[in-house]
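The next block holds one structure in the form of structure tokens; read it before the comments.
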Amino acid sequence: MHSKSFWLVILLAAFLLFVKLGATTVFQVAEARNTRVPAEMIERKDYIVPFFNGELRTDKPPLHYYAMLLAYRLGGINETSARFFSAVCGLFVIVATWLFAKRNAGTGVALWSCLVLLASVHTIFQFRLATPDPYLIACHVLSLFCFWEGFKNYKRSFLWLMYFFLGLAILAKGPVGLVLPAITIFLFLLLKREFSFSAIWKLRPLQGLIIIMAVALPWFYLVHVKTGGIWTHGFFFEHNIGRFNKPFDGHKGPFILTWAFVIMGLFPFSIFLIRAVTMAWQKRVSNTWLFFNLVAAAVVILAYSLSATKLLNYTTPAYPFLALVIGSFIFSVIESKEAGKNLWPEWIILLLMTLVLPAGLYFWMQSEKPMVPIAWMSVLLSVFPLTMSIAVAYYKKKRIEKTFYLAAAGAILVNILFFCILLPALDANGSVHQLKDRVKPGMTVIAYRKFNDAFTFYHQKNIPVINSTSTIVELLKHNPNALIVERASAPHLMDSVQGLVIKDSAKDLFSRQYSFIYELKK
């Protein structure tokens, strides 16, 4: 039975992570920019300095670029290749979560911890994106899992692995890849009254520092030298210190917003988060492993609660640790049937929330003109309230285990429908999918002021950005067949450039902006 549970989890994870991985365009800004950088590396034959659309990109280190480079070499430059190793990171995290939980808490906790992750649409979504976050999540989580095995179970090889993953985490997203795990380890040892010189020495910090530097330092040194320090300054001061001190790109919010992100991100089983955290805190003395997971999650959430920049994806490294806490709670409830009798508030709230989802999606699609023809597809989400209603009926009959299984099955089925049917249908009505063939390779394309970054991926060439209409007039004199792209709430260019007409336009997905393509009237 234990073996069957493991392979079921792996099968579900592989299906959710890899099926139709390339079925949607790189419409997200983050995906659009990150997928284009390794393609430019190939074009420029420079595998050290990252550029996007011909300009130095200082946002992120290169781990995900190199993973995409490998995938591009093997499978060509396309959406599936760009996202392939992100999905591999997701599979690693699911497998590691199972093994970590099984070794320290048993198969039941391992199963439910993994089901919490597989039921979360945001967890799966993150590992289907061509961004640095899947790589950071994997390295962050694996480094702390290795810390536990190395420190608590006296396995030196796991300590070397911990430092290796910390080095990769720095290459994935910078100092945060080292700082947050280090704070987690420090706080855990401090709170458990195990912080001492002998405990630190047991971690082999000098050898660890050598491993981290061997993994991360060479690229940072090379990019610093090749850019004369410009990349180093931009990355560390603008995109690290700057984002923490000031909101970046308008992504700001109150302290509590980060906690709201976590509740939304781990839905539906986040509904039990308060009870699960309370249980873990009450058992902090008797169950050190559970307390460690609680500390690991709290460090990530608190760190980004204090950050001025608030983004939904920032707290994702906390998800596997929270899943272990929630999974432990669910298993304890199933094992002790008496404990499950007082969960009526959570089940009622969960049922009401799932009832609202299909209606909410329908009204949103009706309000978006491009989505009106497919608004009927919101009925797919009815699977959720249907299974939840059956689950609540079983809960009323005190069939606790079946109640949880039905809730998990409903959420996972909704995830499958979302990634295989609903998201591709939404994407098909967005500007990138509708206009990508207009900017295909070989055409002359110019951008006016702002444009959708995804077009560079499909144009397979840099798109020059022009801010002056007079410059555009001169360019059109020499190349009257050129296309001009613009991203705006309304078209602006026709009033300034005589003879210019809109060739095509479409609304950007999940945005108020439109993408316009202009050409000279024939």
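Excluded from the calculations below are hydrogen atoms, water molecules and symmetry mates; all remaining heavy atoms, backbone and side chain alike, are included. This chain uses plain numbering: 1 for the first residue, then up along the sequence.
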Whether the side chain of [X] engages the backbone of [Y] through a donor-acceptor N/O pair (distance < 3.5 Å, no angle test) should be reported.
X: R449; Y: N467; result: no
X: N78; Y: G75; result: yes
X: S81; Y: I77; result: no
X: E519; Y: I502; result: no
X: S113; Y: A110; result: no

Problem set entry | Sub-6.0 Å ring centroid separation between Y304 and W259 |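 Not under 6.0 Å, so no.
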For this session: Check whether the ring centres of W344 and Y395 lie less than 6.0 Å apart, and answer yes or no.
Result: yes
Are [X] and [Y] side-chain neighbours, meaning at least one heavy-atom pair lies under 4.5 Å?
X: I10; Y: W98; value: no
X: P491; Y: S505; value: no
X: L118; Y: L16; value: yes
X: L136; Y: C139; value: no
X: H122; Y: Y319; value: yes
X: I472; Y: L493; value: yes

For this session: With salt bridge (charged side-chain N to carboxylate O under 4.0 Å, His left out) as the test, would you mind laying out the steps for D453 and R36 before giving the verdict?
Result: CA-CA 9 Å; D453 294 320; R36 177 61 189 157; over 6 Å; no
For this session: Measure the acute angle between the ring planes of Y72 and F457, then classify it against the limits of 30° and 60° as parallel, tilted or perpendicular.
Result: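 If you compare the ring of Y72 with that of F457, the planes turn out tilted.
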Exercise. Relative to each other, are the rings of F404 and W112 parallel, tilted or perpendicular (30° and 60° limits)?
Worked result: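 It falls in the perpendicular class, over 60°.
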Problem set entry | D427 and T25: CA distance, side-chain angles, deciding distance, side chain to side chain donor-acceptor pair (under 3.5 Å) verdict | CA-CA 7 Å; D427 176 62; T25 60; 2.6 Å; yes
With [X], which of [options] fulfils side-chain contact (heavy atoms from CB on, under 4.5 Å)?
X: M353; options: L357, I349, L351; answer: I349
X: T24; options: R83, H433, R128, E31; answer: R83
X: V445; options: T456, I463, N462, I517; answer: I463
X: F15; options: L17, V19, L12; answer: V19

Exercise. Could you go step by step and tell me if R33 and D59 meet the salt bridge (charged side-chain N to carboxylate O under 4.0 Å, His left out) rule?
Worked result: CA-CA 10 Å; R33 293 174 180 172; D59 296 49; 5.1 Å; no
Problem set entry | Residue pair N479 / T444, side-chain donor-acceptor N/O under 3.5 Å | yes
For this session: Check step by step if side chain to side chain donor-acceptor pair (under 3.5 Å) holds for S431 and D508.
Result: CA-CA 5 Å; S431 63; D508 291 353; 2.3 Å; yes
Exercise. Can you tell me how far CZ of F384 sits from OG1 of T354, rounded to the nearest 0.5 angstrom?
Worked result: 6.5 Å
For this session: Kindly indicate, with the supporting measurements, whether the criterion salt bridge (charged side-chain N to carboxylate O under 4.0 Å, His left out) is fulfilled by E368 and K507.
Result: CA-CA 9 Å; E368 295 285 322; K507 194 171 187 292; 2.8 Å; yes
For this session: Begin from the C-alpha positions of E346 and R275 and carry the test salt bridge (charged side-chain N to carboxylate O under 4.0 Å, His left out) through to its verdict.
Result: CA-CA 10 Å; E346 283 86 348; R275 290 187 190 266; 2.4 Å; yes
Flag if over 12 foreign heavy atoms under 6.0 Å of [atom1], [X]:
X: F267; atom1: CZ; answer: yes
X: F18; atom1: CZ; answer: yes
X: L352; atom1: CG; answer: yes

Problem set entry | Cation over ring face, R44 and F51, 6.0 Å, 45° | yes
For this session: Would you sort out whether H492 and F516 count as a ring-ring contact (aromatic ring centres under 6.0 Å, His included), showing the intermediate values?
Result: CA-CA 10 Å; H492 300 111; F516 300 97; 8.0 Å; no
